[in-house]
Amino acid sequence: MRPVAAAAPADAQPLAAAIEAAISSRSPRLGRAAHARALRLLAPAIPPFICAHLVNFYSKLDLPGAAAAALATDPHPTVVSYTAFISGAAQHGRPVPALLAFAGMLRLGLRPNDFTFPSAFKAAAFAPARSTIGSQIHSLAIRFGYLPDDHFVSCAALDMYFKTGQLALARRLFDEMPNRNLVAWNAVMTNAVLDGRPLETVEAYLGLREAGGMPNVVSVCAFFNACAGSTYLSLGEQFHGFVLKCGFETDVSVSNSMVDFYGKCRCAGKARAVFDRMGVRNSVSWCSMVVAYAQNGAEEEAFTVYQHARRSGEVPTDFMVSSLLTTCAGLLGLDLGRALHAVAVRSCIDANIFVASALVDMYGKCGGVEDAELVFSEMPQRNLVTWNSMIGGYAHIGDARNALSIFDDMIRSGETTPNYITLVNVLSACSRGGLTAEGYQLFETMKERFGIEPRTEHYACVVDLLGRAGMEERAYEIIQRMPVRPSISIWGALLGACKMHGKTELGKIAAEKLFELDPQDSGNHVLLSNMFASAGRWSEATDVRKEMKKVGIKKEPGRSWITWKNVVHVFQAKDTTHEMHNEIQAVLAKLKRQMQAAGYMPDTQYALYDLEEEEKESEVFQHSEKLALAFGLICIPPGVPIRIMKNLRICVDCHRAFKFISGIVGREIIVRDNNRFHHFRHYECSCRDYW
DNA sequence: CTAGGGTTAG
């Protein structure tokens, strides 16, 4: 038996070292072993500094329960153990326990020191805008004499005021600082970027230089962020030169912010040049490079960089996976998206709110609403983007009922409040799903109910909504009293509706506006010509065609594609080049007989007026989407939905035929055209013939 | 033994 009191100091020193080692190697096992040894050797007289070490250890490794227990069982808690606890909790984003501990130490009569206040401010920075907790800590810091002179305390207070949106107080604190140091300038710069005031970041930088200060890596990152956010390309490029001269580019974060800056300024090549020169890269570097490609229409390169990252031993992070999922959503790459879902599950990041929201978004945009619903319903928490993505998923397939019901859930959940995107999605669901009255009422009341002023996108939805329901004149009235200039999509929606309901004169007005706004677009010309043709106004139809030829506008050829075993098969109308051409024709011929027996009549009205080829009735059967479907029926095993993409709107006859085929062969067919999804099953389509 | 400002995403 050792005499406890005498043994303590001698045993305590190596114990302290062991705990330090556990922290630096981030090893919970080593730390717990040291804790057990402390209890065995030193209890009940564990010296306060060992207790502080233990609290620090659990706190730093983000084991909040154990940290709280260590603090609670400390027989003589000190400022240091409390500060260690508060610091860890604040750093790991747990403001409530941090602030409770701060209050607790005050109650015990312990006086917070110059180390405690910065952590307390960091925790208080999480508080909602109207909370006074930060100001209360501020008063305390003044009373204890740490303000205005202590740099650490004053900078933390400054940052807290910025982060809680109390800009006036932040500015006053900054203006009254007796001697501003670099960290204070940096706090101004970084918070201006975060709050979306990039010009102020640049101004603060100039202020720093005028005061004779030199930037450090933090200031440099903030500067590039400001340039990236507002795409100040030339300003950032000039700064790049300065950064090279100072040697800052060896810092990973600086180079990362440059990659991001060039990517956001639509210079993926320059981003790549920075990336290639980096001596050290981290996961952020790889992710920034992926995003730089993905956001500049270079999705394939984005995936190549991802594969390169994996080969270099990078572990997929939540950032990486959510960025790639967004890329899939843009590519309509459902298979790729599913593969990434699997990666997310294996990496245990599928419950991350960014990843899960990106999954909901990807499944919704790629035509897998059921999977979107599954992810959505199993998410531990949801935010605005999650709800918007789910509503958007329903909008894509025109499921207005579910879109409205989820919208209702969102409002009732109280988790978030709708923003303008929410309303765009709900309105477009109503329009696609034919819920005219509900959609129109929502449009009329959105300002008063949700405080959201209708934007161009909302007007486009409501014009589409009314137009589809045959109320083109009402839609035109709304366009005329819009507070902002009507966009291409608004006139496009009106033209489409006029075409659908034979409102030729109004359609002409819309088309003229469209030709002004977008003279090169072929689709609008085709639509106008077809509209005249349907109305029997042949000479005007011909005039439009002549005009197109004169100006040199070519009709975009319709293409459909389908993926099978990771190979994309592309079809054009009357395509005979596919390797399985004969089988495809045989399937189509058989389908035609079965469909006619079931009552199908071909709809050739558009084929007949086609601008380039006067297609005959039989040629309707060679449309690209039908060829793709036949291929899918041959290759894709029964039970697996057939997914087809088309670059133009699906044709009326193909739509009619697909409904028959879905019933005859008993398969689900999902067509994504340039506007929406059509989900065919049992002789019906999800759009209910309204698109 | 405890401390401030930093890069990527839905």
Side-chain angles (χ1 to χ4, degrees), chain A residues 12 16-17 19-20 23 47-57 59-60 78-88 90-91 112-122 125 146 150-160 162 181-191 193-194 215-225 228 251-261 263-264 282-292 294-295 317-327 329 349 352-362 382-389:
Chain A
I19 300 169
E20 289 272 283
I23 293 173
F49 82 98
I50 291 292
C51 289
H53 265 297
L54 286 169
V55 173
N56 186 35
F57 157 74
S59 217
K60 277 238 167 72
T78 61
V79 188
V80 177
S81 44
Y82 267 99
T83 302
F85 181 87
I86 295 165
S87 145
Q91 243 152 46
N113 65 13
D114 49 341
F115 282 68
T116 321
F117 277 109
S119 292
F121 281 124
K122 194 181 187 116
Y146 295 112
D150 188 293
H151 278 158
F152 280 98
V153 178
S154 58
C155 288
L158 178 67
D159 191 57
M160 178 277 295
F162 274 124
N181 66 356
L182 180 56
V183 177
W185 286 104
N186 285 346
V188 176
M189 289 181 71
T190 55
N191 281 294
V193 175
L194 288 175
N216 68 356
V217 291
V218 176
S219 346
V220 169
C221 287
F223 196 100
F224 278 120
N225 278 336
D251 183 276
V252 192
S253 294
V254 168
S255 279
N256 289 347
S257 66
M258 288 197 286
V259 171
D260 179 57
F261 154 70
K264 296 242 162 70
N282 61 15
S283 63
V284 178
S285 326
W286 290 102
C287 187
S288 303
M289 195 59 238
V290 165
V291 171
Q295 291 182 347
T317 63
D318 42 2
F319 277 93
M320 182 64 104
V321 172
S322 58
S323 308
L324 290 167
L325 283 169
T326 312
T327 311
I349 51 173
N352 171 283
I353 190 146
F354 278 87
V355 174
S357 299
L359 280 168
V360 173
D361 182 56
M362 181 277 294
R382 303 176 185 107
N383 62 17
L384 179 63
V385 178
T386 325
W387 288 102
N388 285 353
S389 299

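Convention: sequence-line order gives letters A, B, ...; per-chain numbering from 1.
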Problem - Partner residues of Trp387(A) under the ring pair (Phe, Tyr, Trp, His ring centres under 6.0 Å) criterion, sequence neighbours left out - result: Phe376(A)
Problem - For Asn56(A), all residues meeting side-chain contact (heavy atoms from CB on, under 4.5 Å), sequence neighbours excluded - result: Ile23(A), Lys60(A), Ala84(A)
Problem - Heavy-atom protein contacts under 4.0 Å, nucleotides 2-8 of chain B, coded B base, S sugar-phosphate only, - none - result: BBBBBBB
Problem - Those residues that, when tested against Leu194(A), pass side-chain contact (heavy atoms from CB on, under 4.5 Å) (two or more places apart) - result: Lys163(A), Asn191(A)
Handout entry: Residues that Phe152(A) engages under ring pair (Phe, Tyr, Trp, His ring centres under 6.0 Å), provided they are two or more places apart
Key = none
Problem - Listed partners of Thr116(A) passing side-chain contact (heavy atoms from CB on, under 4.5 Å), at least two apart - result: Val79(A), Thr83(A), Ile86(A), Phe102(A), Met105(A), Pro112(A), Asn113(A)
Handout entry: Sugar-phosphate only, base, or nothing, as touched by Ile353(A) at under 4.0 Å among non-hydrogen atoms
Key = base
